[in-house]
Amino acid sequence: MPDRARLIGINHVALEVSDLRAALDLYRRLFAFELRGYSRRMAFLEMGDQFLALSEGRSQGPDDDRHFGLVVDDEEAVRAAVAEAGLEHSRSLGGGVRFRDPWGNNFEVVGYRRIQFDRTPGVKRMLGIEDLEKGEDARREIADKGMA
């Protein structure tokens, strides 16, 4: 069998929206972020060493089970913001927040304390989350995989 490349992370997720300005307005009500870049039809939402790319021109229907996961410092703040924005939402199997934006993109948002991946000190400093620590379940998962 030929050598294969090992998956080691996600650089970005690209989403299509039909109205870039409206999407940025909504996402700013849901999340705190800086723009990495912006053009007439694209915007790049900074997440340290990763980003969320928004592209104007959604052509497909809404996503059902297909979704992507975002990690935040405070999932309860997202739950409240999603409710305030009038978006239908639910609790995910892992306890996070599931919602679909007006363009059909299906989000699952979970708190950093509950997930395995860890941010480097430099990225944590850039994001202003130096004091954000993992919860006990995440620490146990990390240790069980020998990543501690």
Side-chain angles (χ1 to χ4, degrees), residues 7-143 145 147-148:
L7 289 172
I8 59 171
I10 295 174
N11 178 45
H12 69 279
V13 172
L15 301 179
E16 293 177 335
V17 296
S18 59
D19 185 328
L20 183 59
R21 286 188 186 274
L24 285 171
D25 288 343
L26 173 63
Y27 296 164
R28 282 186 176 117
R29 293 191 332 237
L30 304 180
F31 308 108
F33 60 86
E34 301 293 326
L35 284 179
R36 178 181 282 198
Y38 180 84
S39 69
R40 190 173 61 83
R41 296 183 51 93
M42 294 199 72
F44 305 92
L45 287 58
E46 183 69 65
M47 296 187 297
D49 57 351
Q50 303 164 345
F51 62 96
L52 187 61
L54 303 180
S55 175
E56 195 168 83
R58 175 102 182 182
S59 57
Q60 72 271 17
D63 297 328
D64 292 321
D65 288 331
R66 181 181 56 207
H67 68 280
F68 67 98
L70 290 179
V71 179
V72 296
D73 59 347
D74 185 348
E75 66 191 43
E76 291 308 315
V78 173
R79 191 180 317 281
V82 166
E84 187 174 310
L87 299 174
E88 187 175 319
H89 62 285
S90 63
R91 190 171 296 276
S92 70
L93 292 177
V97 183
R98 288 288 296 261
F99 69 93
R100 191 177 296 121
D101 71 12
W103 304 279
N105 296 300
N106 195 350
F107 290 71
E108 181 174 1
V109 180
V110 297
Y112 180 79
R113 293 180 43 82
R114 301 201 282 141
I115 54 101
Q116 290 180 27
F117 89 77
D118 206 357
R119 301 312 241 151
T120 64
V123 171
K124 287 179 90 171
R125 191 172 42 259
M126 177 190 176
L127 293 171
I129 61 169
E130 298 95 332
D131 297 330
L132 193 58
E133 298 295 330
K134 296 293 182 187
E136 183 58 35
D137 289 344
R139 283 196 302 271
R140 187 174 28 260
E141 287 179 16
I142 290 167
K145 286 188 173 180
M147 298 185 305

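Computed from heavy atoms alone, side chains included, the values below leave out hydrogens, waters and symmetry copies.
Here the CD1-CG distance, from Ile142 to Asp137, works out to 11.0 Å after rounding to the nearest 0.5 Å. Considering CG of Leu52 and CZ of Phe33, their distance stands at 8.5 Å, rounded to 0.5 Å. Taking CD of Gln50 as the start and CG of Asn11 as the end, the distance is 8.0 Å to the nearest 0.5 Å. Put simply, CG on Leu70 and CD1 on Ile115 are 11.5 Å apart, with the number rounded to the nearest 0.5 Å. Annotation: the span from Asn106 atom CG to Leu15 atom CG amounts to 10.5 Å, rounded to 0.5 Å. The CG atom of Leu30 sits 11.0 Å away from atom CG of Asp25, with the distance rounded to the nearest 0.5 Å.
Shown here for Ala53 and His12, the closest heavy-atom pair between the two residues is CB-CD2, 4.2 Å. The minimum heavy-atom distance between Leu20 and Ser39, with the atom names listed, is CD2-O, 3.9 Å. Looking at every heavy atom in both residues, Glu16 comes nearest to Ser59 through OE1-N, 3.9 Å. When all heavy atoms of Gly96 and Arg114 are compared, the closest pair comes out as N-NH2, 3.2 Å. Minimum heavy-atom separation, Arg113 to Glu133: CG-O, 3.0 Å. Counting all heavy atoms, side chain and backbone alike, Gly48 lies closest to Met126 at CA-SD, 3.8 Å.
The neighbour count for Glu88 CD, taken as heavy atoms of other residues, nucleotides or ligands under 6.0 Å away, does not exceed 12. For Glu84, the CD atom is loosely surrounded, since the number of other residues' heavy atoms within 6.0 Å does not exceed 12. In the displayed structure, Glu34 atom CD is contacted under 6.0 Å by at most 12 heavy atoms of other residues, nucleotides or ligands.
Distance alone, capped at 3.5 Å, places no donor-acceptor pair between the Arg36 side chain and the Glu46 backbone. Between the side chain of Asn105 and the main chain of Asp63, no donor-acceptor pair closer than 3.5 Å is present. Side chain of Glu56 to backbone of Arg41: no donor-acceptor contact under 3.5 angstrom is found. Not one N or O on the side chain of Arg100 forms a donor-acceptor pair closer than 3.5 Å with the backbone of Trp103. A donor-acceptor contact shorter than 3.5 Å links the side chain of Arg139 to the backbone of Lys134.
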In sequence, state the C-alpha distance, the side-chain angles, and the governing distance for Val110 and Val72, and then conclude on side-chain contact (heavy atoms from CB on, under 4.5 Å). CA-CA 6 Å; Val110 297; Val72 296; over 6 Å; no
Please test Arg119 against Leu132 for side-chain contact (heavy atoms from CB on, under 4.5 Å), starting from the C-alpha separation and ending with a verdict. CA-CA 10 Å; Arg119 301 312 241 151; Leu132 193 58; over 6 Å; no
Let me see the working for Tyr112 and Val71 under side-chain contact (heavy atoms from CB on, under 4.5 Å), right down to the final yes or no. CA-CA 6 Å; Tyr112 180 79; Val71 179; 3.8 Å; yes
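In this structure, the ring of Phe107 has its center less than 6.0 angstrom from the ring center of Phe68.
In this structure, the side chains of Phe31 and Leu45 stay at 4.5 Å or more apart for every pair of heavy atoms. Using a 4.5 Å cut-off on side-chain heavy atoms (C-beta onward), Met147 and Glu141 make no contact. Under the 4.5 Å side-chain criterion, counting only non-hydrogen atoms from C-beta, Leu87 is in contact with Leu26.
Tested against Arg21 for a side chain to side chain contact (heavy atoms under 4.5 Å, CB included), the candidates Asp19, Val17, Leu24 yield a single pass: Asp19.
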